[in-house]
Amino acid sequence: MDFRFTDEQVMIRDTARAFLADASDSAAVRAAMAGQGDAWARVTGEMGWQALTIPESCEGLGLGWVELAIVHEAAGETLLVSPLFATLGTGVSLLRACAGEQQQADWLPGIAAGEATLGVGMQGPGKDWGLRGCGVRYRPGDAGYELRGELASVVDGAIADTLLVVALDETESPESARVFRVAADAQGVTRRQTPGLDQTRDLAHLQLSEVQVAEDDLLDGSRAGWPAIQAGLDLGVIALAAELLGTAQRSLDLAVTYTLEREQFGRPVAGFQALKHKAADMMLRCECARSAVYYAACTADAFLEGQASAAQLAEAASIAKASAGDAAFENAGEALQMHGGVGFTWEYDIHLYFKRARAGRAQWGSSDWHRERIAEFILDGDEAMS
Amino acid sequence: MKLSFSPENEAFRAEIRQWLDENLCGEFEPLRYRGGPGDEHVFIDERKAWEQRMAAGGWVGIGWPSQHGGRACSIAEQVIFHEEYARAGGPGRMGHIGEGLAAPTLIAYGSAQQQQRYLPAILEGREFWCQGYSEPGAGSDLANVRSKAVCDNGVWKITGQKVWTSLAHEADWCFVIARTDPGSVGNKGLGFFLVAMDQPGVDVRPIVQITGTAEFNEVFFENAVAADIVGEPGEGWKIAMALLGFERGVSTLGQQMLFQNELDAIVTIARKNGAAKNPLLRQRLAQAHLGLRTMRYNAMRMLSGGEDGSLQREALVYKLHWATWHRDLGELAMDVLGPDAELLGENGDYDLSRLQSLFLFSRSDTIYGGTNQIQRNIIAERGLGMPRELRPR
Ligand SMILES: Cc1cc2nc3c(=O)[nH]c(=O)nc-3n(C[C@H](O)[C@H](O)[C@H](O)COP(=O)(O)OP(=O)(O)OC[C@H]3O[C@@H](n4cnc5c(N)ncnc54)[C@H](O)[C@@H]3O)c2cc1C
């Protein structure tokens, strides 16, 4: 047991931070909000992060979830606007967990090369996270399967080249759950970008009407139904939790920096105990979220090596997501308060953190949703989860 | 970064598990799950005997270096030890102040002679310790200590009053901070003394607590003889603070496992009495589970990285986290109990159930060892570089 970064991981973090300080500074984020971003081209061209967790046998970097979390944390610190989370965090994760060996060999090299972005869709409009909110149904079709339904809040769904769609058959049973790979320009797919409160992340509404999917595009590992799919989604939940950790930490850093500079009553406002104590609580939330995120990342690695169960992965992912989501939103809110009037302006970045945190906390299962999942484990099962 | 345990670690796990199976039974069976925080006044003699049984098995001081008679266990092994100890319902440790606080301090700052005098008795579970820091005028402002130490023909004698001294009535020894330089103020001019409790100059008076029991005491020193001074006169503050650092070390792992037992007890009740169906309580129970897991992860981080003794971020927030978590757990326990929460048992005075006792006793967690407010000051100042509090001296 050694719960700290290796030298190589420290280097990856420092490199990521240095890169993003330039590629995703405030001006870059605001340009991307206006649709003028070039971050993804730089991420794929200069850093190759899209290949991070793709195995070396599939022309990826063959790194694990700790490295994935490091990169997402750094992205969350600077509010990186790019399909990194959608493609690497959610898409590759689901493929790693559910695509068959041949499918991985066929599909992953193109992603590693930066040729295609991914989007994962499950929730229907107005629906909660989880299988109960699944918005798409499949049935046998001419080529293999036919999909129909609606998907809401698909992260970067309007720009993705390839969609991974979680669907149920008419029984709506967990065993019937499958994942299908659908080209974004397939016949019957209509996509629309939906404007959101958080302008640093694109969300899409997708309409699927009689979309034909070939047998080969059904992810092999998903044939057994929900448990494997859930594990694939949990791998993505951890990526989002890591982003939210970065957002929580940067919110604290911005608040401390600002209050040390801003003077009232003849001294920096950071000297007032009311603000010091807020900041201390923010740091507590950050450190707890940090431990939870990296524990989950280690659990993900163990899961992929067959050394942790899907239940352990689910527990760790839920703890990480609820901790980091709450830390991000509460810290961003407190940071806004600690900025006073300027915190309420469009000019200062703190509102961007506040909005990204609010959105992130709700996406891929709200904190309450994840706590309810933990409650099911500890309260409803025959055995408490351990 | 990796979490898995090696095969050697797992062998170690099997060893402690088997030892507990074979020893925590018979006369010691009633001690299972007893003697934790809020329950420290029960089975005193039996728990002292248990310390000796543990000592005979070589399970005291497992993290100490081997030249001091310890096992020099790795961090992973210590984690495993505490996990297994709690899983078996191992009783609250009578020896924790000696093993976890006095001993590491002596190992770091004591003379060879002092180490030989005190460490074996701690290792063997023969001598028990208490902590004489707080005074009526020196609480959060600990540096305001007034107790005096006077050197009389080479013998240090202590006069003054300590307060809130936990388990002083059961202790053989007290480590005391007292003023060696009569003209000094604040954290200068203090000394760190080792004082035998069984002598005419020491008077221990129990203080009845919120729970109706008396776990802490006032301790009056009147020319009490100090057997030793650790370090030099004037170094008392440095040593006293280093000791508080050990408080955040591995000893916290054992405490977490007691917390797990408490949470399990609450979950069991919730499943029985229907509280587990209440959506708000479900959220709170899940949050409690999450918080305790996070505490464990924080401790693992702290123990993986903190070997050089530097205070890392996770170490700075650790006390605030567990204290607040435990206080919340006490409130949650009461809410899960429902109407029964308010009803006392009928066997004697103020007969608290385990969870009622948890509810009341956990109010002290955010007070002792640095209140939550003091913790936040420290985090903001040392962790975040915000301006220090005004100090009028
Ligand atoms: C159960 C229990 C066991 C204990 N065991 C021991 C023991 O074995 N040995 C020992 O030496 N001591 C022990 N203590 C004492 C404990 O360490 C002190 O109670 C603690 O340090 C607080 O000091 P105080 O009680 O004087 O409170 P005060 O310092 O008077 O605090 C009163 C209030 O003021 C706040 N406050 C004080 N200073 C500041 C500040 N600068 N900024 C903001 N707020 C502030 C505090 O947070 C608190 O809310 C024990 C206490 C308890 C409750």
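Lettering follows sequence order; numbering is per chain, from 1. Computed from a predicted model, the values in this text were never measured in an experiment. The figures here come from the full heavy-atom set of this structure, side chains too, leaving out hydrogens, waters and symmetry mates.
- The CG atom of A:D281 sits 7.5 Å away from the OG1 atom of B:T324 when rounded to the nearest 0.5 Å.
- How far CD of B:E314 is from CG of A:L284: 12.0 Å, rounded to the nearest 0.5 Å.
- Between chain B and the options A:S318, A:A320, A:G64, A:A280, the largest number of non-hydrogen pairs under 4.5 Å is found for A:A280.
- Options B:Q260, B:R284, B:Q283, B:M386 differ in how many heavy-atom pairs under 4.5 Å they form with chain A, and the most are formed by B:Q283.
- Note: B:T294 OG1 to A:R290 CZ = 13.5 Å, rounded to the nearest 0.5 Å.
- Using a 4.5 Å heavy-atom cutoff, the side chains of B:L285 and A:I374 are not in contact.
- Both the backbone and the side chain of B:N377 come within contact range of chain A, judged by heavy atoms closer than 4.5 Å.
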Q.
For a side-chain contact (heavy atoms from CB on, under 4.5 Å) check, start with the C-alpha distance between B:L316 and A:M283, then their side-chain angles and the critical distance, and finish with the verdict.
A. CA-CA 10 Å; B:L316 272 176; A:M283 177 164 159; 4.1 Å; yes
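- The number of heavy atoms from other shown groups lying within 6.0 Å of CZ (B:R71) is above 12.
- For the side-chain hydrogen bond (donor to acceptor under 3.5 Å, both in side chains) test, residues two or more places apart in sequence or in another chain that qualify with B:E389 are A:Q273, A:K276.
- Residues of residues 257-271 of chain A that come closer than 4.5 Å to chain B, counting heavy atoms only, are A:T259, A:L260, A:A270, A:G271, ordered by residue number.
- No side-chain heavy atom of A:R371 sits less than 4.5 Å from a side-chain heavy atom of B:R282.
- Distance CG/A:D368 to CD/B:Q287: 9.5 Å, rounded to 0.5 Å.
- For A:F5, the CZ atom is densely surrounded, since the number of other residues' heavy atoms within 6.0 Å is greater than 12.
- Under a cut-off of 6.0 angstrom, the local environment of CZ in B:R32 is crowded, with over 12 non-hydrogen atoms contributed by other residues, nucleotides or ligands.
- When all heavy atoms of A:F3 and B:M300 are compared, the closest pair comes out as CD2-CB, 3.7 Å.
- Taking CD of A:E67 as the reference point, atom CE of B:M1 lies at 9.5 Å (rounded to 0.5 Å).
- To the nearest 0.5 Å, the span separating CD on A:E287 from CE on B:M302 amounts to 12.0 Å.
- Qualifying salt bridge (Lys or Arg N to Asp or Glu O under 4.0 Å) partners for A:R96, counting only residues two or more places apart in sequence or in other chains: none.
- When each of B:N298, B:V317, B:L290 is checked for a side-chain contact (heavy atoms from CB on, under 4.5 Å) with A:C288, only B:N298 meets the rule.
- Contact tally against chain A (heavy-atom pairs below 4.5 Å) for B:A76, B:A380, B:G291: the top residue is B:A380.
- You'll find the side chain of A:L379 stays beyond 4.5 Å of the side chain of B:H289, heavy atoms only.
- Within residues 295-304 of chain A, the residues having any heavy atom under 4.5 Å from a heavy atom of chain B are, by residue number, A:Y295, A:C298, A:T299.
- For the set B:S74, B:G385, B:A276, the count of heavy-atom pairs under 4.5 angstrom toward chain A peaks at B:A276.
- Top candidate by heavy-atom pairs under 4.5 Å with chain B, chosen from A:S367, A:A322, A:A375, is A:A375.
- Both the backbone and the side chain of A:E372 have a heavy atom closer than 4.5 Å to some heavy atom of chain B.
- The nearest pair of heavy atoms linking B:Y297 to A:A292 is CD1-CA, 3.8 Å.
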